[in-house]
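The shown structure was predicted, so the numbers you read here are calculated from the model rather than taken from an experiment. Nothing fancy with the numbering, it's 1 onward along the sequence.
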Amino acid sequence: LSLQESSIIVTNPRSIRLANSSLTNETETMTPRESTRNRVYDCFAPPGPLGIVIDTSQEGPIIHSMKTTSPLLGLINQGDLIVGLDGIDTRSMTAATLTRLMAK
């Protein structure tokens with residue numbers, strides 16, 4: 001695994017684009033909550049420590065876990081793919097490359 005620890009610190013506010021990666025069986029009836037899966041959404045990361053751990057997956061950088069003190073708690077979810085950062089497509093980046101970009 002290529003985990004980047006939760007010491008990610010951003011110096012400027014960042015616009016992060018994410019995609020829910022939770023999968024459902026297509027034959028199942030979906031609840032309203034489940035119907036939001038696989039959607040793309042944006043959140044804004046404030047300056048300072050983010051309290052998240054990012055992993056590298058085949059689809060791109062993914063949220064591996066979050067600290068209970070993360071300012072992004074409730075805005076992003078474990079398993080979400082990070083598909084963009086400040087308008088830059090991140091799907092082909094490793095966790096380490098994304099972490100360096102976030103820290104700039």
Side-chain angles (χ1 to χ4, degrees):
L1 293 177
S2 176
L3 297 179
Q4 293 300 305
E5 295 302 321
S6 56
S7 59
I8 297 169
I9 298 175
V10 295
T11 54
N12 298 304
R14 296 291 191 168
S15 172
I16 302 174
R17 176 157 283 192
L18 299 112
N20 292 104
S21 63
S22 301
L23 301 176
T24 60
N25 182 337
E26 292 181 26
T27 60
E28 293 178 4
T29 303
M30 295 173 61
T31 67
R33 177 175 159 77
E34 290 173 328
S35 66
T36 63
R37 292 180 179 175
N38 298 319
R39 68 182 173 92
V40 174
Y41 67 98
D42 296 316
C43 81
F44 294 93
L50 297 183
I52 60 175
V53 177
I54 301 172
D55 190 9
T56 301
S57 75
Q58 290 181 337
E59 294 83 22
I62 192 168
I63 304 296
H64 177 76
S65 62
M66 300 176 60
K67 288 187 171 185
T68 57
T69 57
S70 172
L72 302 178
L73 199 62
L75 300 175
I76 65 175
N77 301 297
Q78 181 178 345
D80 286 354
L81 294 169
I82 301 174
V83 297
L85 178 69
D86 293 337
I88 299 168
D89 187 340
T90 60
R91 290 174 287 188
S92 64
M93 292 183 186
T94 65
T97 300
L98 176 65
T99 300
R100 284 192 297 274
L101 181 62
M102 291 177 89
K104 286 186 178 183

Handout entry: Residues that T97 engages under side-chain hydrogen bond (donor to acceptor under 3.5 Å, both in side chains), provided they are two or more places apart
Key =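 T94, R100.
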
Would you indicate whether the side-chain heavy atoms of [Y] and [X] approach each other to under 4.5 Å?
X: L81; Y: L18; result: no
X: K67; Y: V53; result: no
X: D80; Y: I62; result: no
X: L85; Y: R17; result: no

Handout entry: Residues Y41 and N20: side-chain donor-acceptor under 3.5 angstrom
Key =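 Not at all, the side chains of Y41 and N20 share no donor-acceptor pair under 3.5 Å.
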
Practice task
Could you tell me whether a side-chain N or O of S15 sits under 3.5 Å from a main-chain N or O of D86, the two making a donor and an acceptor?
Solution key: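 Such a contact is absent between S15 side chain and D86 backbone.
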
Problem - Donor-acceptor contact present, side-chain S57 to main-chain G60, <3.5 Å - result: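 At least one qualifying donor-acceptor pair exists.
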
Exercise for the section: Look at the side-chain heavy atoms of Ile, Leu, Val, Met, Phe, Trp and Tyr, link any pair under 4.5 Å apart, and say whether F44 and I63 land in one connected group. Expected result: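 No, it is not one cluster - the side chains of F44 and I63 are not joined through contacts under 4.5 Å.
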
Determine all donor-acceptor pairs shorter than 3.5 Å in which one atom belongs to a side chain in residues 45-52; sequence neighbours excluded.
none

Exercise for the section: Any chance you could measure I76, atom CD1, to S70, atom OG, to the nearest 0.5 Å? Expected result: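 Going from the CD1 atom of I76 to the OG atom of S70 covers 6.0 Å.
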
Exercise for the section: For R91, enumerate each residue passing the salt bridge (charged side-chain N to carboxylate O under 4.0 Å, His left out) test, keeping only those at least two apart in sequence or located in another chain. Expected result: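 R91: salt bridge (charged side-chain N to carboxylate O under 4.0 Å, His left out) contacts with D89.
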
Handout entry: Pair I54-H64, side-chain contact (heavy atoms from CB on, under 4.5 Å): steps then yes or no
Key = CA-CA 5 Å; I54 301 172; H64 177 76; over 6 Å; no

Handout entry: Over all atoms of both residues, closest heavy-atom pair of M102 and I16
Key =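 Heavy atoms only, the tightest pair is CE-CD1, 3.8 Å.
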
Handout entry: Heavy-atom pair with the smallest gap, counting every atom of L101 and M93
Key =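 Smallest heavy-atom distance, with atoms named: CD2-CE, 3.7 Å.
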
